[in-house]
Amino acid sequence: MHFSLSPEMMREIIMDHYTNPRNKREVDDKNYQTIYMDSTSCIDKIYVQVLIKDNILVDVVWHGIGCAISSASTSIMSELLKGKTVDEANNILKNYFAMIDEKDFDENVLDEAVVFINTSRQPARIKCATIGYRGVDKILKGDKDNG
Amino acid sequence: MFDVNEIRKDFPMLKNKMQNHDLIYFDNAATSLKPTCVIKAINDYYLKYCANAHRGDYDIAHKVDEEYENGRNIVAKFINANPNEIVFTSGTTMGLNIVAYGLMDKINEGDEILITEAEHASNVLPWFKIAKEKNAIIKYIPLTKEGKLTPDSLKNTLSNKTKVVAIAHVSNVLGYVVDAKTLAKLTHQYGAYFVLDAAQSAPHLKLDVKDIDADFVCFSGHKMLGPTGIGVLYGKYKLLKEMDPLMSGGGMNTRFDMCGDVGLQIPPLKFEAGTQNIEGVIGLSSAIKYLEKIGMNNIEEYEKELKKYAVEKLKKLDNVIIYNENSESGIITFNIKDVFAQDAGSYFNSKGIAVRTGLHCAKILVNFLHTEATVRASLYFYNTKEEIDAFVEACKSGGDFLDAFFA
Ligand SMILES: Cc1ncc(COP(=O)(O)O)c(C=O)c1O
């Protein structure tokens, strides 16, 4: 597999999203679907909010406490999914999970999210690198607790 | 003292690698590693005399009975109690639940249960439940700025309404050792019950329940070289006799008829319903024998020395914040500056170092440490100064925590 990003660039991208998170805000709007993600084995507690209109993810925002991996991965995800159709979003999720699981995936649809290619080196952090994606997956599958 | 390099040979786990480094296990407050003798004792039970306890008339069942009850004697001697005051549980959590449930009849509306903000969830939630049931009040004994519980503070919080004081002997967050004997004495002056959570003390120091004069003491086998799923509840015999057991079933009754007339066993069997964790008792007995051979005072002294050594070295680094440098036990709670605890945890993992990260107890962290999360390195007597050197080296470059993924 070939990547256009060097490890140094990947590190920079993660640190950039960690220190300057994108789309990190809480919205108080009933049209958004909200999901809360946490885990007993992990410190991260993250809310993801998605506004879907006419089958398009018009807005993707998030807030909460998280480590660099969960914060940066959710930040990158929010940029990646914003403006995509539900089908496109599902395809991105599918490829992202495949990458994390060290399976074949389409690099082109993941864009900057490929910086998490090495997550399996720290298996305990897989939960962090997927927290936002699992949240959106639940929203798209309609399997969520609003709250 | 003892030769730590000899001791390390007894712990097969220490021969393992993690992320291609020799394992440095600094998560002993979560659970301890097990020596070969404990593993062998458990194996022997399954290989040579597997049978139930209190149930059989044949030789191997008799041997199980002997080993099981001998385990009770070993535990009793270890903490200076009588064997009939030793109840086997699944761990500290179950012990505290038995105590809270058993004291329910003695707690009335408006009575006060005193705990602290540094307690482990298992010494908080059972009391919340009882308080709700009985309309009793949970009160927090104030801690000092450092997060310590002092006798003065307890004295100022006790009142004629106090029914229970339930506190940790050693805090799992900051590692301070409380003056349990003085606290018990103060508690008894108000006629209240003194419940000691010894999960973090029994493995590390000489615990003498008679000297402390505690009413109840709970601890877990797995934090003191024993297997998981076995623990001990010590209770004064008179109190155990008065208490209603949380669990009912076989082995704890002497007779019952279908009209609901049940005759209960006397303590401790009254509290041991159902088939017990026999391998657990056998493993724990072996663990205690091992600890006694080394000597609890030696263990305490050695860990103090390790902690002091680690703190002195860590203090020289300007990127490490230590939250409990003055606490007596081998627990070091810290953060690497500008690195979220969980990221530091992965970074240590990439160096083969096992530490715990977390919001160990949200309240105490927010109120006393002013941070959302911390890293905890907790030592035991098989850890070495060389391991601490490697840990300190890792801390130095902790700012490059993404090395865990890219180096
Ligand atoms: C102070 C304290 N109390 C109670 C417990 C609960 O022990 P267990 O999970 O073995 O029941 C722990 C374990 O982390 C502890 O540190």
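As the structure is a prediction and not an experimental result, all values here were calculated from the model. Numbers restart at 1 for each chain; the letters A, B, ... are given by sequence-line order, proteins then strands.
- With sequence neighbours excluded, no residue forms a side chain to side chain donor-acceptor pair (under 3.5 Å) with Tyr25(B).
- Residue Asp106(A) qualifies as enclosed at atom CG: its count of foreign heavy atoms under 6.0 Å is above 12.
- Within a 6.0 Å sphere centred on CE of Met247(B), heavy atoms belonging to other residues, nucleotides or ligands number 12 at most.
- The CZ atom of Arg121(A) lies 9.0 Å from the CD atom of Gln19(B); values are rounded to the nearest 0.5 Å.
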Apply side-chain contact (heavy atoms from CB on, under 4.5 Å) to the pair Ile65(A) and Phe340(B), showing each step before the final yes or no.
CA-CA 10 Å; Ile65(A) 301 175; Phe340(B) 193 67; 3.7 Å; yes
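- Summarising the local packing, NZ of Lys30(A) is surrounded by 12 or fewer heavy atoms from other residues, nucleotides or ligands at distances under 6.0 Å.
- Without hydrogens or angle criteria, Arg125(A) side chain to Gln342(B) main chain gives a donor-acceptor distance under 3.5 Å.
- Proximity to chain B among residues 67-87 of chain A is limited to Cys67(A), Ala68(A), Ile69(A), judged by heavy-atom separations below 4.5 angstrom.
- Within 6.0 Å of atom CG in Asp54(A), 12 or fewer heavy atoms from other residues, nucleotides or ligands are found, so the atom counts as exposed in its surroundings.
- Near-neighbour residues of residues 218-229 of chain B relative to chain A, defined by a heavy atom under 4.5 Å from a heavy atom of that chain, are none.
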Decide yes or no on side-chain contact (heavy atoms from CB on, under 4.5 Å) for Asp343(B) and Tyr18(A), but give the supporting numbers first.
CA-CA 11 Å; Asp343(B) 296 314; Tyr18(A) 179 43; 4.1 Å; yes
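- Looking only at distances, a side-chain donor or acceptor of Asn118(A) sits under 3.5 Å from a matching main-chain atom of Phe405(B).
- Atom CZ of residue Phe401(B) and atom CZ of residue Arg11(A) lie 9.0 Å apart, to the nearest 0.5 angstrom.
- Every side chain to side chain donor-acceptor pair (under 3.5 Å) that Gln49(A) has, sequence neighbours left out, goes to Thr34(A).
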Dump the intermediate steps for side-chain contact (heavy atoms from CB on, under 4.5 Å) on Met10(A) and Leu402(B), then the final yes or no.
CA-CA 10 Å; Met10(A) 290 186 174; Leu402(B) 286 179; over 6 Å; no
